[in-house]
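Owing to the predicted nature of the structure, the values given are computational and were not obtained by experimental measurement. For the numbers below, each heavy atom of this structure counts, side chains included, while hydrogens, waters and symmetry mates do not.
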Amino acid sequence: MMLKTIRKTGDLRRELARARKKGKSIGFVPTMGYLHDGHLALVEECRRTCDVVVVSIFVNPKQFGPAEDLDRYPKDLRRDKRLLARYGCDLIFVPSVREVYPRDFGTSVGVDDLRGKLCGLTRPDHFDGVCVVVLKLLLAVMPDKAFFGEKDYQQLVIIKRMVGDLGLPVEIVGVTTVRDKDGLALSSRNAYLSEEERGIATSLFRSLELARLLVASGERRSHVIKDRIMSLLVDSGVTKVEYAAVVDPVSLDDIRYVDSEARIAVAALVGRARLIDNIAVDSRVGRRSRGRQKRGTVCVILAAGEGKRMKSPRPKLLHEIGGVPMVEHVVRASRAAGVKDVFAIVGHKSEKLQPLMKKLRVGTVRQDVQRGTGHAVLQVYPLLAGFSGDILVLSGDVPLVRASTVKRLLAQHARHSNAITFATVSVPDARGYGRIVRNQKGAFVKIVEERDADREVRKISEINVGLYCFKAGPLFDSLLTLTASNVQMEYYLPDSIQSIRSRGGRVEAVLIDDHTEGFGVNTAAELNAVRKIYSGRQKNEDNKRGLENGIHRKRRQ
Ligand code: PAF
């Protein structure tokens with residue numbers, strides 16, 4: 001079917017009657033236009049499961065309050081049509097306001113016990129406005145299935161109830177929220193955000209992540225979860241928090257304890273944009289803190305990356321160096337330095353890494369969506385609830401790090417009671433890397449990224465290796481407040497250095513002699529280079545051993 005635009009309900013019904021006669025199933029995605037990937041995910045799901053895809057574009061005046069953004073609601077019909085054609089939509093229904101609401105329209109529809117909760121507290125007529133338009137649109141299209149995003153969770157629950165109560169023969173399908181790389185839920189209203197506000201807006205996602213981690217770590221009290229959400233939002237610069245709620249997923253009633261499935265929802269003003277977001281949590285899922293270890297050192301190995309640039313079907317960390325998988329060298333370095341408790345953050349192709357991790361007695365924690373190294377480390381939070389020791393962070397793809405270096409780092413960390421101790425190297429060519437700036441006494445001052453570096457800073461050859469020891473408390477506090485204001489939109493672990501320092505934490509950068517210890521493997525060429533260095537090191541050590549044996553023999557003679 002060619003993409004057709006229809007404006008009248010009668011024409012739409014006639015068109016769909018023909019399809020129905022041919023036995024085709026009809027899927028429907030109602031929208032208010034200005035489409036983003038969240039809408040397109042609904043269209044995709046509709047295309048995947050139905051024969052005919054109908055999308056409506058109608059900015060419904062009845063769901064906007066008097067002081068809301070009806071007049072400035074973003075519109076771009078031409079772009080929407082182009083996108084819908086690309087995503088396999090068959091019919092676009094674009095009715096006028098008079099077509100949907102004739103002059104004498106006087107009917108109202110609503111779900112009594114759901115309309116006043118959550119967003120309904122501040123938008124009293126909103127959900128009745130949604131119900132009436134969705135009912136009219138469903139009656140016009142008469143689809144087999146209609147698709148709604150979980151981002152508007154209360155809307156989804158209300159529509160399911162309305163359809164159930166009225167016995168409408170349509171299946172309501174909820175589709176998972178689509179997020180930007182930094183976690184911000186997609187919404188047409190994100191268009192109102194300035195660059196700075198965009199960073200603040202991610203605090204909605206971050207506060208829900210925190211809530212998820214709290215539940216996974218065994219926190220059951222809703223008031224504690226809500227307080228933590230509130231603080232994070234306010235500390236991040238949100239203009240006004242409308243609500244932070246822990247509710248039953250069906251009745252939307254507040255719950256005091258999370259003892260099975262729950263929905264955690266937030267609504268907040270960021271600048272002039274009103275944003276909402278929510279997540280599902282389930283107290284029965286997830287791994288709780290093992291509760292035994294409160295102190296000491298735990299090692300976290302970053303092992304979730306995709307390793308795309310290796311261009312190999314094998315996970316990057318399983319490529320061998322000297323007959324041993326790359327990541328095993330890192331585990332060995334940690335254990336030989338005296339850190340026995342090791343976790344790996346896994347994600348991409350994790351099933352292929354698991355057997356090795358099991359063999360090495362390394363616990364694994366999943367990072368389902370890769371949102372950067374800072375976000376990766378945060379995933380161990382539930383396992384380490386109540387832990388006040390140190391967290392050593394190593395990268396699974398930096399395999400030449402020596403146990404002696406890790407040991408030295410840990411010793412400095414303990415000796416100076418640092419909040420962070422991290423390793424640096426001096427390289428022949430530091431282009432492309434953040435430079436370590438020290439003061440005249442040689443103490444660490446800051447890391448300056450290449451793009452922010454002036455001529456003097458560019459002359460510095462000392463760079464960060466990605467080998468850290470953190471005090472657990474300051475680390476988690478900083479990870480929860482990081483923003484992802486970089487081109488990749490990722491939460492970077494190195495950003496926690498500045499954040500911990502600005503809160504008074506002591507930071508020390510330890511320069512290590514052999515810069516090859518910091519070599520990371522991202523490509524096949526880099527793997528070869530690392531293999532050569534490794535076998536060179538082995539030869540040196542063999543020679544040294546040979547020499548020592550020779551000396552011993554001579555002495556005995
Ligand atoms: O979710 C929306 O975009 C709207 O509320 C809907 C369902 C299209 C009704 O106007």
Once you round to the nearest 0.5 Å, how far does [atom1] of [X] lie from [atom2] of [Y]?
X	Y	atom1	atom2	result
L317	L302	CG	CG	9.5 Å
T364	L356	OG1	CG	11.5 Å
S194	R272	OG	CZ	10.0 Å
D227	S222	CG	OG	10.5 Å
M489	N486	CE	CG	9.0 Å
R161	S251	CZ	OG	9.0 Å

Distance-only, no hydrogens or angles: does the [X] side chain make a donor-acceptor pair with backbone N or O of [Y] under 3.5 Å?
X	Y	value
D80	L84	no
H348	A304	no
R335	K340	yes
D182	S485	no
T31	G33	yes
N60	G129	yes
N418	T421	no
S283	S260	yes
S236	V238	no
T239	G271	yes

One thing to verify: whether [Y] and [X] come together as a salt bridge, which I'm taking to mean a side-chain N less than 4.0 angstrom from a carboxylate O.
X	Y	result
D254	K117	no
R179	D277	yes
E68	R123	yes
E209	R206	no
E242	K240	no
D180	R198	yes
K316	E306	no

Within 6.0 angstrom of [X] [atom1], more than 12 heavy atoms from elsewhere:
X	atom1	result
E195	CD	no
F205	CZ	yes
K352	NZ	yes
R361	CZ	no
R72	CZ	yes
Y34	OH	no
K181	NZ	yes
K349	NZ	yes

Kindly indicate whether the side chain of [X], heavy atoms from C-beta on, has any atom under 4.5 Å from the side chain of [Y].
X	Y	answer
F148	P30	yes
F444	I497	yes
I229	L210	no
L118	Y243	yes
L135	V163	no
V398	V330	no
I447	I463	no
L35	Y87	no

- Pair R228-L480, side-chain contact (heavy atoms from CB on, under 4.5 Å): steps then yes or no: CA-CA 11 Å; R228 293 288 302 271; L480 288 165; 3.9 Å; yes
- Begin with the C-alpha distance, continue with both residues' side-chain angles, and end with the deciding distance and a verdict on side-chain contact (heavy atoms from CB on, under 4.5 Å) for D390 and K471. CA-CA 5 Å; D390 295 316; K471 271 196 180 129; 3.7 Å; yes
- Task: Specify whether Y491 and H375 have parallel, tilted or perpendicular ring planes, treating 30° as the upper limit for parallel and 60° as the lower limit for perpendicular.
- Result: tilted
Restricting to non-hydrogen atoms, name the atom on [X] and the atom on [Y] that form the minimum distance, rounded to 0.1 Å.
X	Y	result
Q63	H126	O-ND1, 2.8 Å
A146	V170	N-CG2, 3.8 Å
F422	L409	C-CD1, 3.8 Å
E261	R284	CG-NH2, 3.5 Å
L193	L184	CD1-CD2, 4.4 Å
I158	C131	CG2-SG, 3.5 Å

May I have the list of side-chain donor-acceptor pairs in residues 38-46 shorter than 3.5 Å, sequence neighbours left out?
| unit_1 | atom_1 | unit_2 | atom_2 | d |
| --- | --- | --- | --- | --- |
| H39 | ND1 | H36 | N | 3.0 |
| E45 | OE1 | R48 | NE | 3.1 |
| E45 | OE2 | R48 | NH2 | 2.8 |

- Query: Regarding T481 and R503, is there a side-chain donor-to-acceptor distance under 3.5 Å anywhere?
  - Reply: yes
- Item | Result of checking F387, Y381, F470 against F476 for ring pair (Phe, Tyr, Trp, His ring centres under 6.0 Å) | Y381
- Criterion side-chain contact (heavy atoms from CB on, under 4.5 Å) on F64 and D69, from CA distance to verdict: CA-CA 7 Å; F64 288 78; D69 54 348; 3.2 Å; yes
- Item | V339 and its side chain to side chain contact (heavy atoms under 4.5 Å, CB included) partner, picked from L410, L394, V298 | L410
- Where do R501 and K446 land on the side-chain contact (heavy atoms from CB on, under 4.5 Å) test, with the steps shown first? CA-CA 9 Å; R501 199 163 190 269; K446 59 183 173 181; 5.8 Å; no
- Query: For K151, what residues pass the side chain to side chain contact (heavy atoms under 4.5 Å, CB included) criterion, not counting sequence neighbours?
  - Reply: T177, A185, S187, I276
